Every structure is written in structure tokens, then in C-alpha cells.
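So that the names make sense, note that chain A is the first sequence line, chain B the second, and so on, each numbered from 1. Fair warning: this is a prediction, and the values are worked out from it, not measured in the lab. What you see below is based on every heavy atom in this structure, not just the backbone, and it leaves out hydrogens, waters and symmetry mates.
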2 protein chains.
Amino acid sequence: MPDALRQFKADFFQALAHPTRIAIIEQLRDGELSAGTLIDRLKLEQANASQHLAVLRAKNIVTGRKSANQVFYSVRHPLIIEVLDVMRRYFHAHMRESVASLKALEKAGSGRR
Amino acid sequence: MPDALRQFKADFFQALAHPTRIAIIEQLRDGELSAGTLIDRLKLEQANASQHLAVLRAKNIVTGRKSANQVFYSVRHPLIIEVLDVMRRYFHAHMRESVASLKALEKAGSGRR
DNA sequence: TTCGTATATTCTGAACATCGAATATAGCAC
DNA sequence: GTGCTATATTCGATGTTCAGAATATACGAA
């Protein structure tokens, strides 16, 4: 794989590598929302929200549509939502694994005493 | 969504947010490889490779199987490969978009002169 | 035990990310 | 124009990530 492609992917992951930005994208899953609505729903500082939105904009993950003095944000491509969906499945699989190994530990512990 | 889940996702993305770590995972797509093989194929510094592998291990993205004095790494869950596959599709879609907007610019430019 | 190979860890300095506070800009109403 | 609301940007402090150098550990062979 060319290095540029790896860098592109890394940049994309970097842009998603923050709980607030993930929360923003999941809020936008069902359609556009104004910056103000995002701030209210996620209980963010105004400046902080704007910074995170700037990161998402810079990586073309999100676009802003200006209307009067509001800006309505939306996710630019459905595949971004799909990435998060796969992540959700991965999280569940990961949880199942963790629970399974905890149970195995319990069993080993009770057998040993 | 609970905050723990968002943090989990963010941590996962953070772990993938480096070109070298993406390269490592793509090398492991078809099965396990020793640390040394990864170092050779990706032309990495030994210490640097080990640090990146440590990051991937810490997030349970990769496991190491020790055999004699080598360590064979493999991706812990197929869904991780799937995330990268969706990313690849996203990348292609993104490229198409960029090419399209470049063409639009050219057209506008030639029309204007 | 000592040697050699494979891998991991620790340290240091540079680069980058994050936050909140303050400030700036843009658009509408008056 | 002034004032108000929504959003963006800049600044400074603090923390995190990175690469490479040096060092440490684990293992098998002799």
C-alpha cells in the first residue's frame, strides 16, 4: 500500500480518536444538527465544540451548511457511519470475550481452593 | 451511548491513528508474522516497531505468541480487518469525490478565461 | 556459564493535542 | 449605525505521542 494511503487512514482515525468527536458523529447519524444543538445535547463548552468541529471539518468528515447565523452540520459520507457500526459490533465482541475470560478465571479460582 | 463506550472507541481509533500501526495490521491480514519479519518488511527501527506493537497489544488489537526467542503477532479479531476494509472503501469514495471536484474546478476555470 | 539473537523497556527532547478563557467574526433586528 | 445571538479563532498552560539511543530481558546453543 502506498504511504499516502496509510497516512490518509491514520489521519482519519486520528480525527475520530476523541470521545467528544465520536459523540458528535453519532448525534449526526440521523441527519444534520446545528452547532448549538450539539452543544446543548452533549453539554459542551462552546469553544471546545467549535474546535472539535473544526477537526472534523478539516478531515472532510463533516460539512457545515450556514443558514442565517446558525451552522448545520452533517456527516459527509455514509461509510463513516458504517465504520462506527462495525466498531459497535467489535465492541460487543470484545465485551463477550472479556466476560468469557472473567468466567474462566472464576472457574479456575473456585477449582483451586 | 454510555461514555465508557465512546472512550473505548476513541482509544481504539487512537491505536490505529498512526501509519506504521496501520501498516503492521495490514501485514498481519493474512496470518501471523514474527516481530522480526514485520521489521524487515516495513523497514522499521527495532525499538520503534516494538513500541508500536506495544500500543497495539495494550488495546488488545493484536496478540503475541512466543516461540523460542521470537514473538509471532496476529490480529485478535476479524472485525478489525473489516474496519480497515470499510476504510479502504471510504478512501476510494473520497478519492472519487476529490477527482470530481478537481474536474469541476478545471471546467469552471476554462469557462472563465 | 558465556555468547548471540530476538524482542521489550526506559529515557529524552521535539512535536502535537486538548482545554478553558478571551477575543473575533458574521448575520439579523432595530 | 448599535446590540444581540451563534459560531469560530487565537492564546497559553498542561498533557500526550513520537523517534531514536541506550539498556534490559528472555531464550537457545555451545
Side-chain angles (χ1 to χ4, degrees), chain A residues 3-4 6-25 27-28 31-76, chain B residues 3-4 6-25 27-28 31-76:
Chain A
D3 206 64
R6 287 196 292 230
Q7 186 62 58
F8 173 85
K9 287 186 185 176
D11 286 349
F12 176 85
F13 285 130
Q14 178 61 53
L16 295 189
H18 195 286
T20 300
R21 294 195 290 267
I22 292 182
I24 289 173
I25 291 174
Q27 285 292 322
L28 298 178
E32 65 176 20
L33 291 176
S34 71
T37 306
L38 287 169
I39 290 168
D40 288 350
R41 290 212 192 154
L42 300 175
K43 309 258 179 60
L44 302 175
E45 293 277 329
Q46 185 273 322
N48 195 256
S50 216
Q51 287 173 112
H52 285 302
L53 286 168
V55 171
L56 293 173
R57 253 185 295 124
K59 295 292 157 39
N60 276 299
I61 292 175
V62 120
T63 8
R65 175 179 71 81
K66 218 166 203 161
S67 167
N69 63 348
Q70 299 188 95
V71 179
F72 290 89
Y73 281 95
S74 51
V75 175
R76 266 176 66 75
Chain B
D3 205 65
R6 288 196 291 232
Q7 186 61 58
F8 173 85
K9 288 186 185 177
D11 286 349
F12 176 86
F13 286 128
Q14 177 61 52
L16 294 190
H18 195 286
T20 301
R21 295 196 288 268
I22 292 181
I24 288 173
I25 292 173
Q27 284 292 322
L28 298 178
E32 65 176 22
L33 292 175
S34 71
T37 306
L38 287 169
I39 290 169
D40 288 352
R41 291 211 192 155
L42 302 174
K43 308 258 179 61
L44 302 175
E45 294 276 330
Q46 185 272 322
N48 196 258
S50 215
Q51 288 174 119
H52 284 303
L53 286 168
V55 171
L56 293 172
R57 254 185 293 125
K59 295 291 159 41
N60 276 300
I61 292 174
V62 119
T63 9
R65 176 180 70 81
K66 218 167 202 160
S67 167
N69 62 348
Q70 299 187 96
V71 179
F72 289 90
Y73 281 95
S74 52
V75 176
R76 267 175 65 77

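Of the residues in residues 64-72 of chain B, those with a non-hydrogen atom less than 4.0 angstrom from any atom of DNA chain C are N69(B), Q70(B), V71(B).
A donor-acceptor contact shorter than 3.5 Å is absent between the side chain of R6(A) and the backbone of A23(B). With hydrogens and angles ignored, the 3.5 Å screen pairs no side-chain donor or acceptor of R76(B) with any backbone N or O of R57(B). In this structure, the side chain of R21(A) does not engage the main chain of A10(B) through any donor-acceptor pair within 3.5 Å.
Rounded to whole angstrom, the span from the CG atom of D40(A) across to the P atom of dT5(D) amounts to 14 Å. For the pair D11(A) CG and dT17(D) P, the computed distance is 16 Å after rounding to whole Å. As a whole-Å value, the separation of F13(A) CZ from dT17(D) C1' is 18 Å. When the P atom of dT7(D) is taken as reference, atom CG of L42(A) falls 13 Å away, rounded to whole Å. The interatomic distance linking Q46(A) (CD) with dT5(D) (P) rounds to 14 Å, in whole Å. The distance between atom CD of Q51(A) and atom P of dC11(D), rounded to the nearest whole Å, is 13 Å. We find that CD of E45(A) is positioned 20 Å from P of dC11(D), with the value rounded to whole Å. A straight line from NZ of K59(B) to C1' of dT16(D) spans 11 Å, rounded to a whole angstrom.
Within the 4.5 Å cutoff, side-chain heavy atoms of I61(A) are placed close to those of L16(A). Annotation: side chain of L44(B) is not in contact with side chain of L38(B) (no heavy-atom distance under 4.5 Å). Annotation: side chain of L33(A) is in contact with side chain of R41(A) (closest heavy-atom distance under 4.5 Å).
Here H52(B) does not reach the OP1 or OP2 of dT17(D): none of its side-chain N or O atoms lies under 4.0 Å away. Phosphate proximity of dC18(D) to R21(B): present, with a side-chain N or O under 4.0 Å from OP1 or OP2.
Considering CD of E32(A) and CD of Q27(A), their distance stands at 14.0 Å, rounded to 0.5 Å.
The aromatic rings of F13(A) and F13(B) sit parallel to each other, their planes meeting at less than 30°, with 60° as the upper class boundary.
Where Q14(A) and T37(A) meet DNA chain D, the nucleotide closest to each residue was compared, and T37(A) sits on the side nearer the 5' end. Closest-nucleotide positions on DNA chain D for A54(A) and T20(B) were compared, and the one nearer the 5' end corresponds to A54(A). Residue-to-nucleotide proximity on DNA chain C shows that, of A47(A) and A17(A), the 5′-proximal contact is made by A17(A).
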Test side chain to side chain contact (heavy atoms under 4.5 Å, CB included) applied to L53(B) and V71(B), step by step | CA-CA 11 Å; L53(B) 286 168; V71(B) 179; over 6 Å; no

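When DNA chain C is scanned 5' to 3' for any atom under 4.0 Å from a heavy atom of chain B, the first and last hits are dT5(C) to dC11(C).
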